[in-house]
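Below is one structure, written out as structure tokens, with a few remarks after it.
Sequential numbering from 1 along the given sequence is applied to the chain's residues.
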Amino acid sequence: MTRPTSGSGRQRTPSGRAAGPRSAQPRTGQSRTGQPRTGQSRAPQAKKPQAKKPQPKKPQAGKPQSGKPQPRTAQPKRAQPQKAQPKKAQTKKPQPRASSTRLGFQAPDGPRPGRAQPRPARSRVARPLPPRPGRPEIRQRWLVGIAAVVVMIFLVRLVHVQLIEGPSLAAEAEAARTATAVTPAHRGDITDANGVVLATSVDRYTVIGDPVAIKEFRGSSRGLEDGALGIAQLLAPILDVPKNELAAQLVGKSRYKVLAKNVVPEVQRAIAELEIRAYVRTDLTSRRTYPSGTVAGSLVGFVNDEQTGQGGIEAAYDDLLSGTAGSDTYERSLDGLRIPAAGQESVPAVPGDDVQLSLVHDIQWKAQDAVDEAARSTGAEYGMAIVQDVRTGEIVALADSAAVNPNDRSTSAVAGGSRAVKDVFDPGSTGKVITMAAALEGGHWKPNSRFTVPYSYTTPNGQTFHDSHQHPVQRLTLTGVLAQSSNTGTVQVGEKIPIQERQDYLEKFGFGQPTGLGLPGESVGLMPPADVADWDGRTQYTVLFGQGLSVNAMQATSVFSTVANGGVRMTPTLFEGSTSPDGETTPAERVPGQRVISEETADTLLEMMEAVTEDGGTGTSAAVPGYRVAGKTGTAQMPAGNGWTFMASFIGVAPADDPRYTVAVFLKSPRSSIFGGEVAAPVFSDIMGFTLQKMDVPPSTKEHRRLKTEW
């Protein structure tokens, strides 16, 4: 039986407001889903018939609903007018779930299980659904994936470092802790032909401090101050440097501070006894010294701070002298100290070879002294002298006036080199010897051939030439033309010599070619065009008496040595040989001589050249008592600024009957006289006489065949 509802009989609208008398309606145990509930109702009572579900929009007021619950279909509108719903209930919001009608909401359609009679549903505004709970398995998957990627990156990097970069990284690490100390090789000595030392090397040391390590020095155990001041207290007396000044040098962030250079071994040993290797070390170096001072100073050259040859013999034979540096490789700790247990590798230095020159120290000294005196007495700008062995081509002396001392680096003069191979000038009348050789060798003239020699002479092509001084017409033989050094007579001699032969003989005697000495800065001179067809009308004659071309002093000297050697030209050389550190001597390789003229022509030409130093010749001042001398004077033009100057010279050989040496003397811009017979010939006599005596050359014993100079 049904239980009538109590109250005034008013119904409530879906909004919960009163809408007239509420019909008696049983309260059923209906679930919120509209299905009948199983189990007990809210109050114990008999089973109630299910009331018909009221329509949501037009419920019947005052009539209880019975029977089965009606499905949610369109309901007829309420008979009574209802109060308009507020706009708030009509907004588009999520519909909340239905709740009890006591709260004024409509119950959902359908009976609730377990209840006898459904409650009338009341509508309400739906509340938003709560957020869905998270899914931890997705988060876990992401974390695992990220971790896997990170691990993979580390694995790839590890493989790359270990397998690909591993060797290079290991090498870099080893290189960072490995230090190499270079042991300089002892540079070979330079000696003269008799073993007199011209250049040598001595052991010296460089004292180096480590200011960073010195900060950690503790001198209390030695009764010293700590740090730089304590080290300075130890070193100052040895290095002879004020303590405070030395301490100032030992402060800083550098790990390499040079405290002293060129320290002698005695000082190095005193520093080693202090046992401060962790803070101050001494590195072995080498210092080049030149015991002979200015003797051959311009020729020997010098070295730089790295002991590399920079001029003269030092540069020319640097590959032999320098040797091979050694090394000491070891591992060091972070503070720069050697690790005793680590691997070490030492490569010993290989000393350089000693180089022996063909120079003779005493003759070199004499030649320098003689040209120095000549330059002073004649007012010449400078002088040069060369002494050559005619049989071998070896240079016995090669001297410059005002020679430099390689030990003195206060000026750049030491880098100048020898003028004997650098400066070029016209050979002048000394070049007439080549013309006479070509005339005799070609059979064009003989020593007694006759010439009428005026002061001025005009060639068939209209070129006019003059002698060096006014004179009446002379009747000279070929020998007389050479003895009197006549330009006009030489032009007449050369007219018979084909132009191509003139060019050929200049080249055969070595003009326009390297001398073979190999000294730095050498000039090969200047020659007329190689094609004689390009020679102008004057050049074809000027080359006959030594103009229109230029040579250096060595090239000019070589011409006379060739004649004195029976017509065979030997390549000039300064190199006698070398001696290795183990004492093995290697002689220099000699280039075979080249025949330029026949021996008969050479002997005849020597007899003609003897007339130059005899009465009536231009070089009588060149005579050497007890020896027959053959030679030629020269006065050559030389460009100087915007004008011209002169090179006075004399080149001769002795003994003429058995030639051994050639001596050449050159004086630039002499003021007392420009003629070689007056200023250079006496210097020749002095140097040649000394050389012959020094080398124990016996005096001449053969009778001289005097050739006629006039007819």
Quick one: do the [X] and [Y] side chains pair a donor with an acceptor below 3.5 Å?
X	Y	answer
Thr618	Thr633	yes
Ser429	Ser485	yes
Asp536	Thr539	yes

Could you check whether any side-chain heavy atom of [X] comes within less than 4.5 Å of a side-chain heavy atom of [Y], counting everything from C-beta outward?
X	Y	value
Ile434	Val559	yes
Gln368	Asp400	no
Phe684	Val629	yes
Val196	Thr191	no
Arg590	Thr573	yes
Leu198	Leu357	yes

Run the salt-bridge test on [X] and [Y] with the 4.0 Å N-O cut-off and return the result as yes or no.
X	Y	answer
Asp203	Arg287	no
Asp318	Arg187	yes
Glu314	Arg288	yes

Using every non-hydrogen atom in the two residues, find where [X] and [Y] come nearest and quote the distance to one decimal.
X	Y	value
Arg409	Val303	NH1-O, 3.1 Å
Val596	Tyr505	O-CE2, 4.2 Å
Thr691	Ile363	OG1-CG2, 3.6 Å
Gly677	Pro682	O-CD, 4.1 Å

Can you tell me how far apart [atom1] ([X]) and [atom2] ([Y]) are? Round to the nearest 0.5 Å.
X	Y	atom1	atom2	value
Glu600	Glu441	CD	CD	9.0 Å
Thr645	Met638	OG1	CE	7.5 Å
Phe575	Leu517	CZ	CG	13.5 Å
Ser580	Asp354	OG	CG	9.0 Å
Phe650	Ser621	CZ	OG	9.0 Å
Gln503	Gln540	CD	CD	12.5 Å

CA sep, side-chain torsions, deciding dist, call: Leu574, Leu359, side chain to side chain contact (heavy atoms under 4.5 Å, CB included):
CA-CA 7 Å; Leu574 279 161; Leu359 296 178; 3.7 Å; yes
Worked verdict on Met554 versus Ile386 for side chain to side chain contact (heavy atoms under 4.5 Å, CB included):
CA-CA 7 Å; Met554 189 67 251; Ile386 298 174; 4.2 Å; yes
Listed pairs under 3.5 Å, donor-acceptor, residues 651-667 side chains, sequence neighbours left out:
unit_1	atom_1	unit_2	atom_2	d
Asp657	OD1	Ser700	OG	3.0
Asp658	OD1	Arg391	NH2	3.4
Thr662	OG1	Ser561	OG	2.9

On the ring face of Phe690, is Lys694 found with NZ or CZ under 6.0 Å from the centre and within 45° of the axis?
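Geometry flag: not set, cation outside 6.0 Å or 45°.
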Could you walk me through whether Thr601 and Ser598 pass the side-chain hydrogen bond (donor to acceptor under 3.5 Å, both in side chains) test, one step at a time?
CA-CA 5 Å; Thr601 299; Ser598 65; 2.9 Å; yes
So which pairs with a foot in residues 419-438 pass salt bridge (Lys or Arg N to Asp or Glu O under 4.0 Å), sequence neighbours left out?
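Sorted pair list comes back empty.
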So which pairs with a foot in residues 579-589 pass salt bridge (Lys or Arg N to Asp or Glu O under 4.0 Å), sequence neighbours left out?
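Passing the test, one end in residues 579-589: no pairs.
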Checking side chain to side chain contact (heavy atoms under 4.5 Å, CB included) against Leu299, which of Ile190, Ile395, Leu398 comes through?
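Of the listed options, the one satisfying the test is Leu398.
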Let's go through Gln310 and Asn304 carefully: what are the C-alpha distance in whole Å and the side-chain angles of both, what is the deciding distance for side chain to side chain contact (heavy atoms under 4.5 Å, CB included) to 0.1 Å, and is it a yes or a no?
CA-CA 7 Å; Gln310 296 296 297; Asn304 58 16; 3.3 Å; yes
Between Glu522 and Thr515, does a side-chain hydrogen bond (donor to acceptor under 3.5 Å, both in side chains) hold up when you go through it step by step?
CA-CA 8 Å; Glu522 178 179 325; Thr515 62; 3.0 Å; yes
